[in-house]
Amino acid sequence: MKPRVRFAPSPTGFLHIGGARTALFNWLYARHTGGTFILRIEDTDAARNTQAAVEVILNGLRWLGLDWDEGPLTADATGPGKGERGPYFQSQRGENYKQRVEALLAHGLAYEHEGAVKFKMAREPVVIPDLVVGDVRRELTDREAADPDFVIVRSDGQPVFHLTNVVDDLEMGITHVIRGEDHLSNTAKHIALFRAFGVEPPRYAHIPLILNGDGTKMSKRDQGASLATYMDEGYAPEAVVNYLCLLGWSPKQNREKLPIGEVIERFDLPQILRHNARFDLEKLHWLNYEYLRELPDDRFHELCVHALARAGVDTNAYPVDYVKAALDTCKGKIKLFAELPDYAGFFFREEFTYDTGAAQRDFTAENQPRLLKLRDAFARLTAFDADTIGNTLKAVAQELGVKVGVLVHPTRLACCGTTAGPSLYHLIAVLGRERVLQRLDRALARMG
RNA sequence: GACCCUAUCGUCUAGCGGUUAGGACACUGCCCUUUCACGGCAGCGGCUCGGGUUCGAUUCCCGAUAGGGUCGCCA
């Protein structure tokens, strides 16, 4: 029988990076085994579950490239879905839960208590067979020893997570439950529920959690906990996926960056690590850069424009060809799109301040006549391409008897205001002679 | 408090009784160079602690410690 796995998030308006990895591991397992990846929305909490919140999940998974074989087609709970075991929204499956609870009641496996329904839990340890951790024998906690029974239907008639989760897994034919380790303790309840329904529980694989860089639990509020951050800031989804694969799983053979197809080939449940992993933003940045430099030009430009717009830099005021030429000088240079406004902002604004330390060092009275000579050489040029500009600068430096760096640094500062940026000769060519001369004049004025 | 999981450089990891404990990110230095970045070279840095088992433990067992998780009419 082909595996059937599911990702079953609750729409809270937020897709946690840990949730994204859980979805990824489920998807990888399905793709590796030729099984089925199901998306089920656990929207039993009507108060906070909105269509917009479902949208966040669907968009996140689509962005990551995790396509589902069964599940909703839209964020509308009453809308269409694909697959034979729907509906895939728990809010639409009330009748299923009701029937299951009645069956439990009829068999004396559950009972009413203060308007709620409680499940009669055995007062003995449960062994949880886990594909990642191994057999886990879970003893009762002191509170459970006092009263092991738990609520499956609230007094307001709403079914509780433990029940809906198990009923759906059962009715959707889930064979492997791959989820965060935070569910491991609860699994005893779930196994008991499956048995009460007269079926053997699915196979379990509890994957370790993702922690903050400092080892604390990564919660909603923590920096980088939301997948939306990476979507908004222009990370390459392939990089995020690749990085997530490396947390709690290893492709071995000293591999780090590898295409998703290869991950699918190599991925399997028993090889998942058992310990939690800390989220290392630096390493994600490195991987992101690795993918960024391979991005097709169109996609790179699109993400650049988006990043600049977010920083309040409007590229629409400039000709399309100019924008493209300007951005081309940044490709292979920036690690993150968030760096772009500082790195290339000078292309899109005429007023900017100079880096203070560099201005003190480079905008000297001594450099003034040198820069002036370069300015005049530029002014006489008939061609204004990168090669010509470079050769001109070198020639002027030679005439002056100074190293090229003596001219390069003040020129860069005059044109960009910064000490780091794209190739100087290329950036000058893109800016165009007129603006370069203006910028040199502006700098010269304060060097006297 | 009870119960459960975990433990290799700062971080992610390879290792599955005998290895100079390997790689990646980060960091440091050098080279390349029009800045930065890339690239190349070199360096720094690790088996949590005690007991066993064994000829021999990073590796197997037990304990401690530490970190994480769970004990809801949240999911």
Side-chain angles (χ1 to χ4, degrees), chain A residues 8-12 19 42-45 47-49 90 113-118 125 128 130 132-134 136-146 148 150-162 164-165 180-189 206 208-209 211 213-218 243 246-257 273-287 289-290 293 330 332-335 339 343 358 386 389-390 393-394 397 403-409 411-413 416 418-428:
Chain A
S10 181
T12 58
E42 306 217 330
D43 57 344
T44 52
D45 191 343
R48 62 175 170 163
N49 296 156
Q90 290 193 328
H113 178 75
E114 292 177 359
V117 179
K118 290 183 88 172
I128 304 161
D130 191 282
V132 173
V133 189
V136 176
R137 179 187 166 88
R138 190 178 174 284
E139 305 282 343
L140 272 63
T141 66
D142 52 2
R143 295 182 58 162
E144 288 167 343
F150 58 94
V151 171
I152 52 175
V153 181
R154 296 197 281 252
S155 53
D156 65 2
Q158 282 299 309
V160 167
F161 162 74
H162 299 301
T164 59
N165 193 263
E181 194 203 334
D182 49 338
H183 287 290
L184 183 54
S185 291
N186 285 151
T187 304
K189 294 186 173 83
H206 286 93
L209 270 21
L211 271 27
D214 63 4
T216 56
K217 182 185 182 180
M218 187 179 260
Y243 179 66
L246 264 24
L247 253 31
W249 178 80
S250 169
K252 312 271 177 88
Q253 299 173 161
N254 294 335
R255 299 292 303 281
E256 304 282 340
K257 175 174 183 256
L273 276 309
R274 286 177 287 277
H275 57 266
N276 295 341
R278 299 182 188 200
F279 195 85
D280 183 5
L281 202 54
E282 293 293 340
K283 187 147 184 178
L284 205 211
H285 287 174
W286 166 72
L287 257 177
Y289 174 77
E290 294 296 312
R293 57 202 298 194
C330 304
K333 308 278 280 183
I334 55 162
K335 272 205 169 69
E339 296 170 4
Y343 193 82
I389 291 160
L393 188 140
K394 284 170 194 162
K403 289 184 188 172
V404 291
V406 173
L407 289 177
V408 163
H409 294 289
T411 304
R412 173 180 296 282
L413 193 60
C416 312
T418 55
T419 57
S423 157
L424 180 64
Y425 307 148
H426 288 87
L427 116 221
I428 287 176

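These values consider heavy atoms only, across backbone and side chains, with no hydrogens, waters or symmetry-generated copies. Everything quoted here is computed from the prediction, not taken from an experiment. Convention: sequence-line order gives letters A, B, ...; per-chain numbering from 1.
- Between the base of B:rG23 and the side chain of A:Glu256 there is a donor-acceptor pair shorter than 3.5 Å.
- In terms of polar N and O atoms assigned as donor or acceptor, the side chain of A:Lys283 comes within less than 3.5 Å of the base of B:rA24 in a complementary pairing.
- Going from the C1' atom of B:rC36 to that of B:rG43 covers 23 Å, rounded to whole Å.
- Rounded to whole Å, atom C1' of B:rA14 lies 11 Å from atom CD of A:Gln253.
- B:rC16 and B:rG52: their P atoms are spaced 26 Å apart (whole Å).
- Across all strands shown, the partner of B:rC60 is B:rG52, judged by Watson-Crick or G-U wobble contacts whose two distances both fall under 3.5 Å.
- The separation of B:rA7 from B:rC41, taken at their P atoms, amounts to 34 Å, rounded to a whole angstrom.
- Taking atom CG of residue A:Asn254 and atom C1' of nucleotide B:rA21, one finds them 13 Å apart after rounding to whole Å.
- Nucleotides B:rG23 and B:rG45 have their C1' atoms positioned 14 Å apart, rounded to a whole Å.
- Looking at heavy-atom distances under 4.0 Å, A:Lys333 makes contact with a base.
- Atoms OH (A:Tyr425) and P (B:rC36) sit 13 Å apart, rounded to a whole Å.
- Using a 4.0 Å heavy-atom cutoff across all strands shown, A:Leu140 reaches sugar-phosphate atoms only and no base atom.
- One interatomic measurement links the two molecules: CZ of A:Arg137 to P of B:rC4, which rounds to 9 Å at whole-angstrom precision.
- Under the 6.0 Å distance and 45° angle rule, A:Lys333 does not count as a cation-pi partner of A:Tyr343.
- Counting non-hydrogen atoms under 4.0 angstrom, A:Lys118 reaches nothing in the nucleic acid.
- Atoms NZ (A:Lys394) and C1' (B:rU33) sit 11 Å apart, rounded to a whole Å.
- At the heavy-atom level, A:Thr419 lies under 4.0 Å from base atoms of the strands shown.
- Under the Watson-Crick or G-U wobble criterion, with both distances below 3.5 Å, B:rA24 is paired with B:rU11.
- Between the P atom of B:rU34 and the CG atom of A:Leu427 lies a distance of 15 Å, rounded to the nearest Å.
- Using a 4.0 Å heavy-atom cutoff across all strands shown, A:Gly390 reaches no nucleic acid atom at all.
- Nearest heavy-atom pair, A:His162 versus A:Asn186, reported as atom, atom and distance to 0.1 Å: CE1-CG, 3.7 Å.
- At a threshold of 4.0 angstrom between heavy atoms, the contacts of A:Thr411 with the nucleic acid are absent.
- Using a 4.0 Å heavy-atom criterion, one finds that A:Tyr243 contacts no nucleic acid atom at all.
- Contact annotation for A:Pro208: no contact, since no heavy-atom pair falls under 4.0 Å across all strands.
- Nucleic acid contact class of A:Leu273 (heavy atoms, under 4.0 Å, all strands): sugar-phosphate only.
- In a base pair of the Watson-Crick type (N1 to N3 plus N6-O4 or O6-N4) or a G-U wobble (N1-O2 and O6-N3), with each distance short of 3.5 Å, B:rA2 is matched with B:rU70.
- Whole-Å rounding puts the A:Lys403 NZ to B:rU35 C1' distance at 15 Å.
- Here A:Glu114 lies in heavy-atom contact (under 4.0 Å) with a base.
- Between the CD atom of A:Glu290 and the P atom of B:rA37 there is a distance of 15 Å, given to the nearest Å.
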Exercise for the section: Treat primed atoms plus P, OP1 and OP2 as sugar-phosphate and everything else as base, then score nucleotides 66-72 of chain B 5' to 3': B for base contact with protein heavy atoms under 4.0 Å, S for sugar-phosphate contact only, - for none. Expected result: --BBSSS
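- Comparing the C1' positions of B:rC61 and B:rA2 gives a spacing of 25 Å, expressed to the nearest Å.
- At a threshold of 4.0 angstrom between heavy atoms, the contacts of A:Ala116 include nucleobase atoms, whether or not backbone atoms are also involved.
- Side chain of A:Arg154 to main chain of A:Val160: no donor-acceptor pair is present (N/O by atom type, distance under 3.5 Å, no hydrogens or angles).
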